[in-house]
Structure formats: C-alpha cells, structure tokens
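What follows is a set of notes on a single structure, which appears directly below.
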Amino acid sequence: MRPLFFALALLAVPGCGHAAAPSRSAPPRAAEEMRALLTELIAVDTSNPPGNETAAAEVAARWLREAGIESQLFEPVPGRAHLIARLKGTGGARPVLVLAHLDTVPARREEWASDPWVLTERDGFLYGRGVQDNKGMAAASVLALRRLTSDKVKLKRDVVLVLSADEEAGGKAGIDKLLEHHPELREAELAINEGGLTELSEDRSRVRFVNLQAAERVSRNVTLKATGPGGHSSVPPAAPNPMVRLAAAVARVGSLTFPTRLTPVTRLNVEGRVKVTGGELGEALKRLAASPDSPPQEAVDAIARLEPALAAVLRTTCVPTVFNAGTRPNVIPATAEATINCRLLPDEDIQAFRARLVEAVADKDIQVELNMTPPDSPASPVGDNAMFRAATAAAKKVWPGAPVFPRMSTGTTESTELRRAGIHAYGIDLFALTPDDARTAHAPNERIPSASLQPGAEFVYQLLSELAK
Ligand SMILES: [Zn+2]
C-alpha cells in the first residue's frame, strides 16, 4: 500500500478557559496528573502492529492543548501519527528534543494477571503494557512541557517534544519518515530518549547509579542459504541434504565468539560500575577495568555469567533465531534458510565481520547474505558536557548520591536515527527499576514500582529545565 502523507495541525486555543492550570510544584497534584495521563495513554491499545498511535497522540495533544501548548500530528500512514510540540526559547542555543514512542509490543490478556490496557496498582507496583516502554516517558514529557509553560521558565533553547510511532516494529511509519518530512527537527543539538538505566538496589532502598545511553549496538540479520536438488525422502540423495548442511553451519555460527573490545563508552561504564558494585561481579569488573585493552577472559566469563546484559556490550554477538526449511515429511527440501540476528559494536568493520562469519560457516556452498553498509551509529559525546552536567544536576535533586555515567545499550532505539542526523542523543531511564522490574519490558505483567512514578516525572522535568535554562 502506498503510504499517504498529510499533517494535521491541532491549534491551541489560547487561554482555553476550563483547562486547569498545571501545578507549579505541589507533588501530590503532580503525582495525580502523572497517574491520570499514564492511565489514559495505556488505555489506548497501541500494540504494533498495527500501532494505532494516532489515538494516543490525540490524548497527548489534548493534555498539551489544555495547558495552551500547540501540537501537530504527522501521519505517514493512516492511524499512525507522530506528535510534535515546540516550546520556543530565546535562540541562545540549538533545540533539545525529548522523544518517546507511543507504540508498544503486543500483549496477550491470558498471560497477564490484570488487563494490560488498564493501569493497575498491586502490591506496590503499577502494571500495564507500555508503563516502562515507553508510555511512562511520553506522559512525563507532556507534563514537563506543561510545567515549563506554567512555571514560565525562560528557555535559552527550544524544547521540542516528539511522541513517535512505529518504534517497536521499525516499519514504514517510523522516525526516519518523520525526520524526512520534518527536516527542522534535525536542527536540534541534543535529544533525550529511552535506553538509559536507573538501577534500583535489589532491596529497593536506594538508586545505585544513573546511566545515560550514549551508544548502541547495531542489529543486522544474516541469512544463511543452502540449496540442493531435493527429491523423495525414500531415496537418500548422493548430494548432501541442504537442511543437514545448513544445520551444521548454524551450529558452528552459534558457537562463534567475537573478540572482546571495550569502546570508549563501555570503558567509562565499567569504571563507573566498579565504584558501585560489590561481590563477585564487582571483583570481575575491577579486573576488567584494570586491563581494558586486553580484557582478561576469566573476568569476561564471570561477567557473562553474573550479568549477561553487561557482557553483551563487550563484543559483537550473533544468535541464530529462525529456521526455514522443508514442507512435507517425505520431501527432501531443495532450499534451507536460517536467520542469524547479530548485534554489532557501533564501530564494527563490516568486511571483517563478514569474513569471520564465512570462516565459521566453513561451507563454500552456503550463501552468507547480509546488508554490507557500515553500521554508521556514531556514539554521542561523553564526559563533561552539557548533557552530563544537566543529568548530574537533575539526578542530584531526584536521586541524591547516585552517580551518573554513560552506557552502551545491548539493543537499538530511535537514537540511532537521531545520531545519524547529527543530533547528540542520550537515553535515559526515568523510572528507578531493579533488574527484575526491568526484565518485564516486552514481557507479560510489565511493571514499575509505584514509588518510582513521581520521581521519574520529576527527573524529566528537571533534566529539561537544566538543559534549557
Ligand atoms: Zn521502547
């Protein structure tokens, strides 16, 4: 289907009478608003596919309009809107974008203890599809714009809110379409997005650290393809069965290990983690930090065992995920295919990467197909810069004592496209979560601790005010 392009402007009615002025600072009121908006956003089922983000964007547009903030919707595909709203600054610095996606992964009602599309509080947690990923950030960002407006904060730069569509499936209605049709968004200097990590201790007594995501690995699918004459299974062929050859190659690729390499962002992450991590993991991190240029294998192995997500960013990884071969029990297939999902370090040499895969496949009759364009996912600057200073100041107010340092994420976010557009994007995690809480994203019973809700909204507000003041 040919996508339709049109923009719908929702004009603000200045001084629109009934709209209650958002609170200046009163936490009870702010907490109520955060819960109310999040409830409304979660009630709109934006499972992708099909997405249906327009309905959620309209909820956000109404909350903005009630505070006198104009927004517009861009619908690259009918029903799949992105929302853009802009608070004007004095032009003293280039704009900052705050980005959150409105679509979610699907949910199956029968796998959940409560309705995924009803924000439900139970035993100190808030449950709902998208509460973490990423409607919590969407709600907090809308409320931050309302509060910047009602507090009459003088902004040195424009604050631009983008609530995006089609992040989870990365299809035709995604952020690249938005950037193509709204090139003015590329003028932004900085962006905040999902992808960070604010880790709550297991006993939920304190925030251990606040990570800004400054780089991410690049997802690349590799297809392995074997072919043969096929035939009747009652007569085993002289030529090898493509399915058997392919299975052997997949087994070899499955056990392939790429070299460990600490990128500059990962080095800073490991150094930061050493200071706040005890026990066996802390010891392994210490040994890794002491020798970042030749990481000790036993330290890497210990980290892989104790914290697989941290080990994942120490190297490029490849995992076989799909087999496609055979149609009938009595037919030898003429073709067999397998998909290997690889996550490349952002500066991976694509030629060397392919050569290593071909070597592991070790069968010249198996085709190895992949997109050979370089990963092109530049890291955002790390160190003493505007974003880290702002995040440190905001974290000090919301989670005193928690150090702020960068991370590279295992997976991919829309920050890849922003970075390619020249915008320095950083992922935040507005909600303090234990690793167990964090694992519920994309899973049944997605949750956040109730106590993390309001501090999360406050962090987004404080961060934007720091960046724009
Ligand atoms: Zn997400």
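In what follows, every heavy atom counts, from backbone to side chain, and hydrogens, waters and symmetry copies are set aside. All ligand and atom numbering here is 1-based and tracks the order in the structure.
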Which atom of D133 approaches the Zn ion (ligand 1) most closely (N/O/S): OD1
Cation-aromatic face contact R315/F258, 6.0 Å, 45 degrees: no
Carboxylate-amine/guanidinium proximity below 4.0 Å for E280 and R305: yes
N, O or S atom of E194 closer to the Zn ion (ligand 1) than 2.8 Å: yes
Pairs touching residues 370-390 that satisfy salt bridge (Lys or Arg N to Asp or Glu O under 4.0 Å), sequence neighbours left out: D376-R420, D384-R389
F74 and H182 aromatic ring geometry - parallel, tilted or perpendicular at 30°/60° bounds: perpendicular
Atom name of the N, O or S atom in H101 that lies nearest to the Zn ion (ligand 1): NE2
